[in-house]
Enquirer: 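The structure is given below, and queries will be raised subsequently.
Nothing fancy with the numbering, it's 1 onward along the sequence. Just so it is clear, the model here is predicted, and its values are computed rather than measured.
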Amino acid sequence: MGVGGGLGMEATNCGALLRELQQIWAEVGESEGEKNKVLSEIERECLQVYRRKVDDANRTRVQLHQSVATKEAEVASLVATLGEHKLYLKKDKSVVPLKEQLAAVVPVLENLKGKKEERLKQFSDIQSQIEKIRSELSEYSDGDDKANSLIVDENDLSTRKLNNYQAQLHALQKEKSDRLHKVLEYVNEVHCLCGVLGIDFGKTVNGIHPSLHQNGLEQSTNISNSTLEGLANTISNLKAEQRSRIDKMRETMESLCKLWKLMDSPQEERRQFNRVLSVLISSEEEILSPGVLSQETIEKMGAEVERLTKLKARRLKEIFMKKRSELEEICRSAHIEPDASTAPEQTNEMIDSGMIDTSELLAKLESQILKAKEESLSRKDIMDRINKWISACDEEAWLEEYNQDSKRYSAGRGAHINLRRAEKARILVTKIPAMVDNLINRTFAWENARNKPFLYDGGRLISVLEEYRLNREQKEEEKRRYRDQKKLESILLKEKEAIFGSKGSPKRAVSLNRRTNGYRSSGTTSGLMTPNPRRSSLGGATPELLTPRSCSGHYNRYFSDSRRLSATQLNFGDDSLSTFTSISGSEPESPSLG
């Protein structure tokens, strides 16, 4: 019902009530003054009621204006915050009642509030993800706490800003994915290298970050810069260690192959290193077998090299000892002093120290053997004559002992053999001076041809021969004087027998016999030279001798300065160079002249 209809109904009701009041006043007989007074009160009360209603209507209108304005302000703020200007279009307020305006703006406001809550959630989710990823990429791992304490800026929730956050999130997600892929790639490479090198993988990656080796889901894999840098450095170190071990193992394997070839090792010993050998000929990228470059394998190869090296040293010592024995045998047969530089003690020490190339040492020893053979061949003629001379001296010594045997003429067993040998020995002894002279001449010729002395067991042969010749001449002189003395004593004995008769005094005969045998007993008889003591060997020191005058001419060009020489004696055997006896069997037995 309209406002006019309400007023008409109110007028009708008021008129009916006024007529009913007038009838009552008529029946009561109310005066006109009282009637006017009551009507004035009624009019005043009606005005008051209308005023209250108008005031209430005004207040309601103001409230509606305020509500519409507030709602519109909220809508405008939300539209500005969300940037959704197309969601709300303002209408003409002059034709739209306030209640309709309020009814129209409330749904828009509720829609915008819903969108704001949804946008806030989106911003919160995106920012928490961004913050979490940033914390994962940084050095810290408190991204969850930061995400829970994030404060979203509610003044700008526009789509543009949301798109910016989403772009940042996508970029961070891509970086995280790339880093995670890189970390996993690094971890796999570290795992492979640790397997090849035989190193504990868990201990290696735990030193970088514990999350790299944890199988649980309570902690994600750390992908920070420090982790990537640590993994990269670890891979670099492991690759450097791999290259170092490969170089070391290749060097060891090269030594092993040389030792195998040198020692002719069987295939059973080589088979245990076939896998290592096949791996070492590959490139570094192709070496993937677990444990093939482990420290245990290196130590095993080193132990095998050490074992074969010791075996090689032992066999080399045997070879050198055999070669040295060959050299010493050649030198012994030729009476040459072997070179001391390849003595067993020195060669063994050099082999153990590894300070010399064994091939060079073996070549040196072979050269010494060849040189010894050549010198032995050049000395053969002189050595043969030395042996003949020594043999003659031995026969001379035997002949002396034979002549001193009182039973040599007995008809015992083998006496005729000794007689024949004695005859031959006497002939041979007469040739000794010529043999010595010939030997001296040939020795001087040898020395002049080679411009070096002829040494016999370390001593100069010429000195020994000259000493022997001088001693022999002295002994021959002593023997001559002894014979003269014997003849003189024989003459004196005959003269005494002529004076005293054929049967002289026995006492005087004994005295004379003692005088004639003084040479034999004491060697101090007047007029005789004391004989030299008999030498059992020529190993001792000898007096210094001048170079013999008989050989100082064209035989001694090398020693032409008449220097004094110390003659080292030769060991020709017991009693070989110092025994002289009488050659004639008719002469009395002569004493041993040393």
Side-chain angles (χ1 to χ4, degrees), residues 1-125 127 150-163:
M1 183 183 300
V3 177
L7 291 175
M9 184 179 293
E10 183 180 356
T12 301
N13 292 334
C14 288
L17 289 174
L18 182 59
R19 284 192 299 273
E20 186 177 357
L21 181 58
Q22 287 176 353
Q23 289 176 1
I24 293 172
W25 281 342
E27 291 178 359
V28 172
E30 193 70 50
S31 63
E32 288 296 327
E34 286 294 331
K35 289 182 182 179
N36 291 330
K37 184 179 179 179
V38 171
L39 289 175
S40 297
E41 291 178 357
I42 290 172
E43 183 178 1
R44 188 174 59 255
E45 290 178 358
C46 286
L47 287 173
Q48 290 177 353
V49 170
Y50 274 112
R51 177 56 58 188
R52 285 197 305 272
K53 294 299 181 181
V54 170
D55 291 339
D56 290 339
N58 283 330
R59 282 194 298 273
T60 301
R61 184 181 64 181
V62 170
Q63 290 176 353
L64 286 175
H65 274 294
Q66 290 179 349
S67 297
V68 171
T70 301
K71 299 295 183 183
E72 287 182 347
E74 290 182 13
V75 169
S77 176
L78 289 174
V79 167
T81 300
L82 298 175
E84 301 289 346
H85 299 283
K86 296 181 180 180
L87 295 177
Y88 178 70
L89 299 175
K90 291 184 177 181
K91 298 180 180 180
D92 188 5
K93 294 183 179 181
S94 60
V95 295
V96 180
L98 293 175
K99 288 187 176 181
E100 290 184 7
Q101 292 180 21
L102 183 61
V105 77
V106 167
V108 174
L109 180 61
E110 294 300 326
N111 184 25
L112 289 175
K113 286 182 177 181
K115 284 187 173 294
K116 179 181 178 181
E117 293 297 327
E118 182 179 356
R119 191 68 58 82
L120 281 173
K121 185 178 179 182
Q122 289 178 347
F123 270 90
S124 178
D125 291 342
Q127 286 183 341
L150 281 177
I151 298 177
V152 181
D153 183 12
E154 297 184 7
N155 295 324
D156 188 3
L157 301 176
S158 63
T159 305
R160 179 182 58 79
K161 188 174 182 180
L162 181 63
N163 291 335

Enquirer: Report yes if the side chains of V108 and L78 come closer than 4.5 Å at any heavy-atom pair, otherwise no.
Expert: no
Enquirer: Where is the tightest heavy-atom contact between L162 and F123, given as atom of each residue plus distance?
Expert: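 In terms of heavy atoms, the two residues are closest at N-CZ, 3.5 Å.
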Enquirer: With sequence neighbours left out, write down each residue that passes side-chain hydrogen bond (donor to acceptor under 3.5 Å, both in side chains) with S158, or none if nothing qualifies.
Expert: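 side-chain hydrogen bond (donor to acceptor under 3.5 Å, both in side chains) list for S158, sorted by chain: D156.
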Enquirer: Can you list everything that forms a side-chain contact (heavy atoms from CB on, under 4.5 Å) with R51? Sequence neighbours excluded, please.
Expert: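 For R51 the side-chain contact (heavy atoms from CB on, under 4.5 Å) partners, ignoring immediate neighbours, are V54, D55.
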Enquirer: K71: which residues meet the salt bridge (Lys or Arg N to Asp or Glu O under 4.0 Å) condition with it, sequence neighbours left out?
Expert: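 Once residues adjacent in sequence are excluded, K71 has no partner under the salt bridge (Lys or Arg N to Asp or Glu O under 4.0 Å) criterion.
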Enquirer: Checking Q23 now: which residues fulfil side-chain contact (heavy atoms from CB on, under 4.5 Å) with it, not counting sequence neighbours?
Expert: none
Enquirer: List for me each residue that meets side-chain contact (heavy atoms from CB on, under 4.5 Å) alongside L64, sequence neighbours excluded, and say none if there are none.
Expert: T60, L98, K99, L102
Enquirer: Tell me which pairs pass salt bridge (charged side-chain N to carboxylate O under 4.0 Å, His left out) where either residue lies in residues 37-48, with sequence neighbours left out.
Expert: none
Enquirer: Find the distance between NZ (K115) and CG (L157) and round it off to the nearest 0.5 Å.
Expert: 12.5 Å
Enquirer: With sequence neighbours excluded, what pairs up with K161 under the salt bridge (Lys or Arg N to Asp or Glu O under 4.0 Å) test?
Expert: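 K161: salt bridge (Lys or Arg N to Asp or Glu O under 4.0 Å) contacts with D153.
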Enquirer: Identify all side-chain donor-acceptor contacts of residues 26-35 below 3.5 Å with residues at least two apart in sequence or on another chain.
Expert:
| from | atom 1 | to | atom 2 | distance (Å) |
| --- | --- | --- | --- | --- |
| S31 | OG | E34 | N | 3.3 |

Enquirer: Report yes if the side chains of I42 and L21 come closer than 4.5 Å at any heavy-atom pair, otherwise no.
Expert: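 Contact flag for I42/L21 side chains = yes.
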Enquirer: Could you measure the distance from the CG atom of N111 to the NZ atom of K113? Nearest 0.5 Å is fine.
Expert: 12.0 Å
Enquirer: Sequence neighbours left out, what passes side-chain contact (heavy atoms from CB on, under 4.5 Å) with T70? Give chain and number order.
Expert: E74
Enquirer: Hey, is the main chain of N36 close enough, under 3.5 Å, to the side chain of S40 for a donor-acceptor pair?
Expert: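 Yes, S40 side chain to N36 backbone: donor-acceptor pair under 3.5 Å.
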Enquirer: Who passes salt bridge (Lys or Arg N to Asp or Glu O under 4.0 Å) against E118, sequence neighbours left out?
Expert: none
